[in-house]
There are 2 protein chains.
Amino acid sequence: MPKSDQPKPKKQYHHGNLRQALIDAGLELIAEGHGAQIDLRKVARKVGVSHTAPYRHFADRNELMAAIAEEGLRNLADKVHRKIETVPDDFLSKLEAFAREYVEFAIAHPQLMREMFSGINTDYDAHPTLRQALLYLFEPLVSTLKQSQAADEIAKTEYVHLTLIIWSMIHGFSALVVENYVIRKSLQGTEAIDNMVHLCVQTLYHGLARKDTL
Amino acid sequence: MPKSDQPKPKKQYHHGNLRQALIDAGLELIAEGHGAQIDLRKVARKVGVSHTAPYRHFADRNELMAAIAEEGLRNLADKVHRKIETVPDDFLSKLEAFAREYVEFAIAHPQLMREMFSGINTDYDAHPTLRQALLYLFEPLVSTLKQSQAADEIAKTEYVHLTLIIWSMIHGFSALVVENYVIRKSLQGTEAIDNMVHLCVQTLYHGLARKDTL
DNA sequence: ACCTGAACACCGTTCAAGT
DNA sequence: ACCTGAACACCGTTCAAGT
């Protein structure tokens, strides 16, 4: 980071929108894997402001983390949306696409994934846009679920419950790969991972495929 | 923890086995929910030693956390073992028992669960007993899996993979209930949770029930 | 051998003060 | 209105020294 080599005479940060700059810097720090934990002072340093400046834009560290998590969630959702539009319009294809994109994102951004779903401290009620980002992520899955139910392809169980079942499986697999050393090591290589994702999807598909209710 | 051949039963902490005392204190602090994050100095304070004393027994904070996680894992495994022995000897009953105990433990000890499976920093190779505790947890499930495979009840897929599929679903559901505000709030009450666990188990059961391979 | 106390380099957060 | 700098109460970790 050469400080004297500024591409443009970018105006002093003292003016630009520091809020977004802090979020971006946080995402970059997480991506660089620089340390497991992100801290306010490091983010501020990266942006080039004093370590107290963030307090003008975020009530505390948690608020900044929530904003970063939301941005991450949106990135994942965009990725899912982009992919799911390109696959054939049947439940299995959509489900598999959702699963693959989710797992791929988790593996590519383990630390971010952690932050996104370590929401013990995050009150979604206080962050309506965060909740909205979550709905946006599941929108394509919910849509294919309803379609398949109408076609008598899968169980008539409440779609919210079905979504949670699917999310549990995919999220659980992602979490174990990312968090658990044993699993992470035993599944070295994308081919082993792809195979497991396929097995999870097959289990979900056959487990949910019925004309009655679960 | 009965020590049959311990010469001196109880002395001041300055002599007793500080290692175990620190682990116990850590578990208590986590249980009390006193703050999300556990810290070394607080644990030492609770035991009544200086904040540098732990360094005689653990290389660093991570080592203490790993020891606490291991104890937690063993508690969960014991709970699972006790329960699973009391249910009928068929795959579905065993699977449901495993799932219920796992989820129940997660909800009862969210913070501990987090610590147990936030192993990004934990090198299982350096902690053989931790790995062993994990195998112990899955032993009853693996055993019923193999039995059911022999009886042509479920898919002939490698049992390690089947275990991971099941673990993913149950762990994922637990994680979402514990970590995600939206899910946590939407599943208030044990009856809603029980219902979801049942749906997850049904999906797994029907998804895995086949005579060939997945 | 096990433990303590001072010391160091960090954090998150607050507050008075600058521009 | 937005930002800075000093200040405070904390951590994790190291090290010389005590018992």
Side-chain angles (χ1 to χ4, degrees), chain A residues 3 10-26 28-30 32-69 111 114-115 118-123 126, chain B residues 3 6-26 29-30 32-69 111 114-115 118 120-123 126:
Chain A
K3 44 181 101 166
K10 52 166 100 170
K11 16 178 164 180
Q12 302 289 15
Y13 262 125
H14 311 256
H15 284 150
N17 71 346
L18 181 54
R19 190 191 144 86
Q20 188 59 43
L22 288 167
I23 294 174
D24 292 343
E28 283 173 43
L29 277 176
I30 290 179
E32 292 166 19
H34 276 340
Q37 286 279 56
I38 236 179
D39 59 273
L40 258 185
R41 289 168 100 115
K42 221 173 281 170
V43 174
R45 231 177 281 135
K46 177 150 188 134
V47 170
V49 292
S50 79
H51 59 271
T52 57
Y55 286 89
R56 289 304 128 190
H57 300 86
F58 302 97
D60 54 24
R61 185 184 177 284
N62 269 340
E63 291 284 318
L64 172 57
M65 297 316 296
I68 291 172
Q111 214 61 55
R114 261 198 146 175
E115 208 51 61
S118 293
I120 273 186
N121 307 307
T122 307
D123 185 342
Chain B
K3 339 258 188 174
Q6 284 282 348
K8 310 193 174 181
K10 277 191 180 179
K11 273 238 160 188
Q12 297 290 19
Y13 264 127
H14 310 261
H15 283 159
N17 71 349
L18 180 55
R19 189 191 144 86
Q20 188 60 42
L22 289 166
I23 293 174
D24 292 344
L29 277 175
I30 290 180
E32 292 165 17
H34 275 342
Q37 285 280 54
I38 236 179
D39 59 274
L40 258 185
R41 288 167 101 115
K42 220 174 280 171
V43 173
R45 232 178 279 137
K46 177 151 189 134
V47 170
V49 292
S50 79
H51 59 272
T52 57
Y55 286 89
R56 289 305 127 193
H57 303 271
F58 302 97
D60 56 21
R61 185 183 177 286
N62 268 340
E63 292 284 316
L64 172 59
M65 297 316 295
I68 290 172
Q111 215 61 56
R114 259 197 149 176
E115 209 51 61
S118 292
I120 272 186
N121 308 307
T122 307
D123 184 343

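Here is the naming used below: chain letters follow the sequence lines, and residue numbers restart at 1 for every chain.
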Scan [X] against the nucleic acid and name what it touches under 4.0 Å (heavy atoms): base, sugar-phosphate only, or nothing.
X: A:Arg19; answer: nothing
X: B:Arg61; answer: sugar-phosphate
X: A:His57; answer: sugar-phosphate

[atom1] of [X] versus [atom2] of [N]: gap in Å, rounded?
X: A:Arg56; N: C:dA16; atom1: CZ; atom2: P; result: 12 Å
X: A:Leu22; N: D:dC2; atom1: CG; atom2: C1'; result: 13 Å
X: B:Leu64; N: D:dC11; atom1: CG; atom2: P; result: 14 Å
X: A:Gln37; N: D:dG12; atom1: CD; atom2: C1'; result: 13 Å
X: A:Arg45; N: D:dT4; atom1: CZ; atom2: P; result: 14 Å
X: A:Asp60; N: C:dT13; atom1: CG; atom2: P; result: 5 Å
X: A:His51; N: C:dC15; atom1: NE2; atom2: P; result: 14 Å
X: B:Asn17; N: C:dA1; atom1: CG; atom2: C1'; result: 15 Å

Exercise for review: Determine which nucleotide pairs with C:dG18, using a 3.5 Å limit on both distances of a Watson-Crick or G-U wobble pair.
Suggested key: D:dC2
Study note, to complete from the structure: Checking N1-N3 plus N6-O4 or O6-N4 for Watson-Crick, or N1-O2 and O6-N3 for wobble, each under 3.5 Å, the partner of C:dC8 is D:dG12
**Study point:** Comparing A:Arg41 and A:Ser50 on DNA chain D - which has the more 5′ nearest nucleotide
**Key:** A:Ser50
Point to revise | Which residue lies more 5' along DNA chain D, comparing B:Thr52 with A:Thr52 via nearest heavy atoms | key: A:Thr52
Practice item. Give a yes or no on whether the backbone of B:Met65 and the side-chain of B:Asn62 come within a donor-acceptor separation of less than 3.5 Å. Key: no
Check your understanding: Where the side chain of B:Lys42 is concerned, which of D:dC11, C:dC11, D:dT13 is the nearest nucleotide?
Key -> D:dC11
Study note, to complete from the structure: Checking D:dT14, C:dT14, D:dT4 against the side chain of B:Tyr55 (C-beta onward), the nearest is D:dT14
Identify the two heavy atoms, one from [X] and one from [Y], that lie closest to each other, and give their separation to 0.1 Å.
X: A:Ala44; Y: A:Leu22; answer: CA-CD2, 4.2 Å
X: A:Ala53; Y: A:Leu18; answer: CB-CD2, 3.9 Å
X: A:Ala67; Y: A:Ile23; answer: CB-CD1, 3.7 Å

Practice item. Enter the distance from B:Thr52:OG1 to B:Arg41:CZ here, rounded to the nearest 0.5 Å. Key: 9.0 Å
